[in-house]
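First the structure, in the form of structure tokens, and then the observations on it.
Order of the sequence lines fixes the chain letters, A, B, ..., with proteins taken first and strands second; residue numbering starts at 1 for each chain. Model, not experiment: these values are computed from the prediction.
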Amino acid sequence: MKRKDILGIKDLSKSEVNEILTVANAMRERLDDRERGSELAGKNVATLFYENSTRTRNSFDLAAKNLGASVMGISVAASSVQKGETLVDTGKTLDALKTDAVIIRHPVAGSARLLAETIKASVINAGDGMNEHPSQALLDALTATRYFGGLADKKLVIVGDIRHSRVARSNILLFGMLGASVTVCGPYTLIPDGIAGLGCEVDSDLDSALDGANIVMPLRIQFERMSGAFFPSREEYHEYYGVTQKRLRLCADDHIVMHPGPVNREAEIAGDVADGARSVIEEQVTNGVAVRMAMLKLLLDGGNVR
Amino acid sequence: MILLKNATVVNAGGMQQTDVLIDGETVARIAPNIECFGAEEIDCDGKLVFPGFIDMHCHLREPGQTHKEDIGSGSLAALAGGYTTVCCMPNTDPPTDTAAAVAYIRKRSAECGNADVLPVGCITRGQKGEELAEFGHMKAQGAIAVSDDGLPVGNGAVMLNALKYAKTFGLTVLSHSEDKSISGNGVVNAGENATASGLRGIPKAAESAAVARDVLLAEEAGARLHVCHVSTAESVDIIRQAKKRGVKVTCETCPHYFAATDDEILSYNTNAKINPPLRGERDVDAIIEGIVDGTIDVIATDHAPHHFDEKNKEFDYAPFGTVGLETAFAVAYTRLVLTETVKLSDLCRLMSAAPANILGLTDRGRIEVGARADIVIVDPDAEYTVDTAYFKSKGKNSLFDGWRLNGAVVGAIVKGEKKQL
């Protein structure tokens, strides 16, 4: 792969996406065989997280180690940025430490790009504000593709807080690129202006949105962020936008339920759906490691599958 | 004495091919083929000669933030952009809310001897939106208008009183009309580009609703209101309707609102982070329509210099604003005159005559016998790429960096004195 950074789905071509997914699928088989590689031996990967994260960070960490890279974890509380070292200066320091790739998560959209434009090391965006979360979308696509064999003409319904979601934005772009149709659903307070311009349908009625759906993806409701009068109560939200067994009957016979995690049970998703036969949430976690291995390998190892 | 030979003089009322003789601080004679032994002759053949531009809205950052700009660098940047008079906004540190603070700026202006710097005083003490500042005392020391620019007066009753109190002293309120409860923590125009980039949006109603409020309050008070940096189609329409009703309202826009859209933020260019934010195509069209039909009276710069390091940050953490003094004329000339949207005389009205009228600067804003000799000479044939490295301003944060523009300021005269650019 001839690129320095992976900042978002919007920068990737379809052939690059296919390359990542192909390598990721091979990595998934390797994970199932409990096989570790060494193609990134001698490479230094840094995780630079300005937001709390357990699963994404650990997933990248594991992915790098599975390929033999050494990993340096840098935790920064967002508040210390404004007081102390700037992102640009931190980036220069990482370059000076001969870091090969920086995995960055940051609360401000565009930050991964700012870092990438500043430093020589490769940058992988692990989530920047409300902009993009490309590795999440790629792991979702890998999971759905492995299940259905392909995404052409499949219908993805993303339910919930589309407004604040980088996962939704990356998935709209990626699933659209791979031939699926995407519908986003939620109360209009949580649907951002002009979202249809990214290539999706908008429907505020979940029952009608789920009609014929193949992939249902409720998003985590971040109650800690819901200070701005977006919806009145958890109960009302669950009533109108909760993904329940009853609602799943509206979907296509063959459907799966995905969730980027962590799950709020009985809020955006009923517990028996999260644990149910159609749930592929744990598959997503495993595929997350595979996708991140593929991203690191393609950026740092020229893309030659050994 | 200075003699401008073969000038194409542009006034708001029209153009003429003539010589202009400046004697002392004023224009002495306007006629073809003036001969004047001993006068310094400036050959203006092929050049356009305007009354010096008047910027109703800039930020010179002194006192308190002189790492961004100071009155010396800012007034020099003004001259480089053809501005012989600039009004500096009071959001300095501390805010310009006393007679002493106003007097300080006038004193610094005189010491620097570049463009004439006229201070705008605060509407409320400390820009806090609560108690009125001393309009009378500030005016006596040279305050040209009042504004709480950047921190709009949120309380409607205070704003109504401010309009009435300003009317008492014949001052115009320059209103940064924004409902902060609507704009929230947004950083760019709400809409498709904000959504695509993941940046938080500022709804257009944050401006338009506040413009509507302020216009209605001015109407109620029978006071004069000047709305700053209009950027939305709805604001233009509200002001257009108010003018038809006879409300004493005027308004300005800035070059970035008719020359650029919020497409500029898709690259996370922090120099495109401006408040009010760059809007969409439809708004740009409405702004231009407002300029053409006279709803928009003035083109101001909202020159907002910041240090490089302050802008070289994550988008949310970078401050709002673009510099504008050194590009405003060229952007307006390139995008409005060369496209035959407005005439040169209209541009003179928008950048010089109308600001003079609104501010009550009766001695300037036109080239006329007896008027103050504030003059700018422009080469209309110059074509160049904007390079902020050559700016006189300390602020290099220009939205227009790298833009191809026409029209260069080649000479400036302030109060009869030729200035080095």
*Could you please state which residues from residues 196-213 of chain B sit under 4.5 angstrom from chain A, measuring non-hydrogen atom to non-hydrogen atom, sorted by number, or 'none'?*
Ala196(B), Ser197(B), Gly198(B), Leu199(B), Arg200(B)

_Proximity of residues 182-195 of chain B to chain A, residues having a non-hydrogen atom under 4.5 angstrom_ =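 Listed by number: Ala190(B), Gly191(B), Glu192(B), Thr195(B).
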
_Tell me which of these, Asn131(A), Leu115(A), Asp128(A), has more heavy-atom pairs under 4.5 Å with chain B than the rest._
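The residue among Asn131(A), Leu115(A), Asp128(A) with the greatest pair count is Asn131(A).
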
_Pick from Ala109(A), Ala196(A), Gly194(A) with the largest number of heavy-atom pairs that fall under 4.5 Å of chain B_ =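 Option with the top pair count is Ala109(A).
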
_Please classify the contact of Leu114(A) with chain B as side chain, backbone, both or neither, using a heavy-atom distance under 4.5 Å._
side chain

[atom1] of [X] to [atom2] of [Y]: how many Å apart, nearest 0.5 Å?
X	Y	atom1	atom2	value
Leu7(A)	Tyr268(B)	CG	OH	9.5 Å
Glu117(A)	Asn312(B)	CD	CG	9.5 Å
Thr86(A)	Tyr317(B)	OG1	OH	12.0 Å

*When you look at OH of Tyr384(B), are more than 12 heavy atoms from neighbouring residues, nucleotides or ligands closer to it than 6.0 Å?*
yes

*So does Arg113(A) have more than 12 non-hydrogen atoms from other groups sitting under 6.0 Å from CZ?*
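It does: Arg113(A) CZ has more than 12 such atoms within range.
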
*Given a strict heavy-atom distance threshold of 4.5 Å, which part of Ile265(B) is in contact with chain A: side chain, backbone, both, or neither?*
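For Ile265(B), neither part sits under 4.5 Å from chain A.
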
*What part of Thr270(B) lies closer than 4.5 angstrom to a heavy atom of chain A: side chain, backbone, both or neither?*
neither

